[in-house]
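Following: one structure in structure tokens, then a few remarks.
Quick caveat, the model's predicted, so the values are computed rather than measured.
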Amino acid sequence: MCGLSALFAAHPVPLGSLVRAMTGAVAHRGPDDEGYLVLTGAGGVVAAGGAGTPEACYGHAAPYAPRRDAERRFGAPARAALGHRRLSIIDVSAAGHQPMCSADAQAWIAYNGEIYNYLELREELAAHGAVFHTRTDTEVILAAWARWGGECLSRLNGMFSFVLVDRARGRVLAARDRFGVKPLYYWVAPGGLVAFASEVKQFAVLPGWCARLNGQRAYDFLNWALLDHTGETLFEGVHQLRGGEALEFDLVSGPAGARPGGPLAPRRWYTVAAAPFAGSFPEAAAGYGRLLADSVRLRLRADVPVGSCLSGGLDSSSIVCVMNDLLRERDARALQKTFSACSSVARFDERRYIDEVVRARAVEPHYVYPGVDGLFPALERITWHQDEPFGSTSIYAQWCVFGLAAENRVKVMLDGQGADEQLAGYHNYFAPRFGRFLRRLRLAALAREAGAVRRLHGYSPAWGLMQAMNNVMPEWLRQPLRRLAGKPGTATAWFDLERLRAAPRDPFLAAGGARARSVREMSIAQLTATSLPMLLHWEDRDSMAHSIEARVPFLDYRLVEFALGLPETCKIAAGETKRVLREAMRGTLPEAVRARVDKMGFVTAEEVWLREEAPRRFRAALAEAIEVCGGALRPDLLGLVDRMAAGGEPFSFLPWRAISFGAWMKVFGVRV
């Protein structure tokens, strides 16, 4: 897990100081090592270090090792430059220094992430004649590129983003993993310089940078609580490769169609698909359990301590228990460490479920209690690390968990992201299920399902009917009824759409989540656009802010494809969600956790904070946000938060989104 920078110029210009400044902005992503490469206009290669480069790297014999005499040539005009900050996880020796090159010094890479099946790939490549000089997964990517070219991506099981420059072929490959666990942004500067980075803030050091608001994406966030659902960001002109996308272009001429602030044309190298399945429910549970265990096994590969997040929910608890079984098989002597966020407000606290897992598995637990007193002092720092605003204070709870892990010197954490999206874990999955019954006029089945949902979750029959109608109604009728039900509509009184220069439209329609006709359709929308990309963004920044690598076993592509291929009833039926995981974990999880039907997950008592503990602080923060937002937020929002604090308005996360949006505009100096 690391941070990278890459620059490509149409004509040779000095790039050394720029790539060094870009890389320095994300030193937190890689405090263990620092490295740079410039490809000079004359075709030469200059490998340099920096203040964060260990002494051992300079003495290493590898062709990519930094040289002390490089500084006098580092500022020479160049066509390309790479920068890297390393968080050492696998082969923590100087041999893992980056940017790394092939043995002939023709192919160079700056890489962020982990390839979990690197040992298997290494063995396969060695059988074809590849010779390895390190124990790193980075060298495996270079060898895979040498053998398979751009097709190597489909052989990588992991989370990654990288920029690879092949001097011999005259090609550049920039790629992001299947689900976008690791970030990769790009920006074409006014002078035509093409820049890639792990975080948006890295572009701020480049000539021509000006932080301007992307009003349409701001509207999507403020009104619909949606981010990372397109290739755009809240920064006008800054784009990202989405999960499963890659850019391959000529090293000399650069990306086709590159224009300042404009999008490039990536190719989709991976499209999520369902693996065929024709077995019984017990066979589905057994197969899912085997794949999950193998995914966790691969993600335990590390040369540093590995811990795990534990919220007390089904997903993180499953990871902890499967991990515990695997460690026992290895006869691991060190106690497994877990890290949890708890709450002093009982209805937001999952401590009793966490303790069930702790007692059953004899792990070493660590707890943190995020409170409102720490929230506002940390807001600007969290915002700087996040690069964009965030939708609720649960991100602050997650921030505290990773901070606690860092204090305990744990460098890798396993977490449960991705299970809800593939296994119908959210309650909004009842909508496509109910809608499907209604569309086929299976009214008796709809009534039975709605009754089960009422018994398990307390939702009224009217709620169930509303979910079904929302799924089948034409759009011209759906939006007015949503407003009558108190849900967000396309038009809003809280934001100035003219100032934002935004069109009032439902982004969930374009993403495929609003009118999904099946559970599988909704899963694909959530995995690729409406849920998971946001969660992965927040987790990446929260973990990397504390120099921690977060790994997500539920997003092994084999597991996702297996889950998508299962019949709907394996995932959701009779009011029960994530059925196949619950069955797979029978006898592995404590029964109280396996059978729980409520859902939280590192939540905070935000409602209590706003209404009881700190209403004035929320109001003051909202007032500041309105002031700094250049008219994008309407002053009427203050009345909303007053009514919400007094109990006259149902609680929602809208005030926090506005507060976070204002903090983001202030921290990054964003102009409307």
Side-chain angles (χ1 to χ4, degrees), residues 1 28-29 31-32 87-90 92 114 116 159 181 292-293 295-343 349-370 394 396-419 538-555 585 588-590 592-593 600-603:
M1 189 76 68
H28 53 278
R29 296 186 72 93
D32 298 329
L87 184 67
S88 303
I89 302 295
I90 293 174
V92 299
E114 300 290 352
Y116 302 118
M159 55 179 187
V181 183
L292 178 59
S295 176
V296 174
R297 177 186 66 82
L298 290 178
R299 283 155 182 80
L300 288 177
R301 288 177 170 173
D303 295 330
V304 296
V306 180
S308 50
C309 298
L310 177 58
S311 71
L314 181 63
D315 308 336
S316 66
S317 299
S318 295
I319 297 295
V320 168
C321 291
V322 171
M323 179 177 170
N324 192 261
D325 285 341
L326 291 168
L327 291 174
R328 288 173 185 271
E329 287 176 10
R330 298 180 184 182
D331 198 25
R333 297 186 179 182
L335 274 177
Q336 179 184 353
K337 294 182 179 180
T338 63
F339 299 88
S340 307
C342 304
S343 176
D349 187 43
E350 297 186 90
R351 178 72 184 257
R352 69 186 182 95
Y353 293 110
I354 294 168
D355 288 345
E356 288 276 354
V357 176
V358 169
R359 283 192 295 269
R361 292 295 175 161
V363 298
E364 180 185 312
H366 299 266
Y367 305 96
V368 63
Y369 284 77
S394 64
Y396 166 59
Q398 186 185 59
W399 170 276
C400 294
V401 168
F402 285 117
L404 183 65
E407 290 172 11
N408 284 271
R409 301 181 182 278
V410 172
K411 212 168 183 179
V412 174
M413 292 274 280
L414 271 57
D415 202 0
Q417 301 287 15
W538 295 331
E539 176 139 359
D540 173 81
R541 302 311 192 281
D542 272 351
S543 59
M544 292 309 298
H546 297 95
S547 304
I548 287 175
E549 175 172 294
R551 297 177 173 181
V552 281
F554 281 108
L555 290 181
M585 292 295 104
T588 299
L589 275 178
V593 176
M600 291 192 223
F602 288 171
V603 297

Closest contact, heavy atoms only, Asp315 versus Phe554: O-CE1, 3.6 Å
Val306 and Met323: CA distance, side-chain angles, deciding distance, side-chain contact (heavy atoms from CB on, under 4.5 Å) verdict: CA-CA 10 Å; Val306 180; Met323 179 177 170; 3.9 Å; yes
Taking every non-hydrogen atom, the tightest pair across Val593 and Gly313: CG1-O, 4.0 Å
Side-chain heavy-atom pair Cys342, Ile354 within 4.5 angstrom cut-off: yes
Reported CG-to-CZ distance for the pair Asp415 and Arg551, which is rounded to 0.5 angstrom: 13.0 Å
Atom pair CD1 (Ile319) and CE (Met413), whose distance is rounded to the nearest 0.5 Å: 12.5 Å
Gap separating the CG atom of Leu589 from the SG atom of Cys321, nearest 0.5 angstrom: 4.5 Å
For Arg359, salt bridge (charged side-chain N to carboxylate O under 4.0 Å, His left out) partners two or more places apart: Glu356
Spacing of NE2 belonging to His28 relative to NE2 belonging to His546, to within rounding of 0.5 Å: 10.5 Å
Heavy-atom pair with the smallest gap, counting every atom of Val410 and Lys337: CG2-CD, 3.9 Å
Side-chain heavy atoms of Val92 within contact of Asp32, under 4.5 Å: no
Distance (rounded to the nearest 0.5 Å) between Cys309 SG and Gln398 CD: 7.0 Å
Sub-4.5 Å side-chain heavy-atom contact between Arg409 and Val304: no
Worked verdict on Asp325 versus Arg361 for side-chain contact (heavy atoms from CB on, under 4.5 Å): CA-CA 9 Å; Asp325 285 341; Arg361 292 295 175 161; 2.5 Å; yes
Residue list, salt bridge (charged side-chain N to carboxylate O under 4.0 Å, His left out) with Asp540, at least two apart or on another chain: Arg29, Lys182
Side chain proximity check, Val363 to Val357, heavy atoms < 4.5 angstrom: no
Leu414 side chain reached by Leu300 side chain, heavy atoms, under 4.5 Å: yes
Residue pairs passing the ring-ring contact (aromatic ring centres under 6.0 Å, His included) test where at least one lies in residues 300-331, sequence neighbours excluded: none
Close side-chain approach of Ser318 and Thr588, heavy atoms under 4.5 Å: no
CZ on Arg351 to OG on Ser343, rounded to 0.5 Å: 12.0 Å
Tyr369 and Cys400, any side-chain heavy atoms less than 4.5 Å apart: no
Sequence-distant partners of Ser295, side chain to side chain donor-acceptor pair (under 3.5 Å), two or more places apart: Arg299
Full working for side-chain contact (heavy atoms from CB on, under 4.5 Å) between Leu292 and Met585: CA-CA 10 Å; Leu292 178 59; Met585 292 295 104; 4.0 Å; yes
Which residues share a side chain to side chain donor-acceptor pair (under 3.5 Å) with Ser316, sequence neighbours left out: Ser311
Close side-chain approach of Ile548 and Phe339, heavy atoms under 4.5 Å: no
Nearest atoms (heavy-atom pairs only) where Arg330 meets Arg297: NH2-O, 3.7 Å
Lys411 side-chain N/O to Ser88 backbone N/O, donor-acceptor pair under 3.5 Å: yes
Minimum heavy-atom distance Trp399-Ala545, with the two atoms named: CZ3-CB, 3.5 Å
Closest contact, heavy atoms only, Phe402 versus Ala550: CZ-CB, 4.1 Å
For Glu539, salt bridge (charged side-chain N to carboxylate O under 4.0 Å, His left out) partners two or more places apart: none
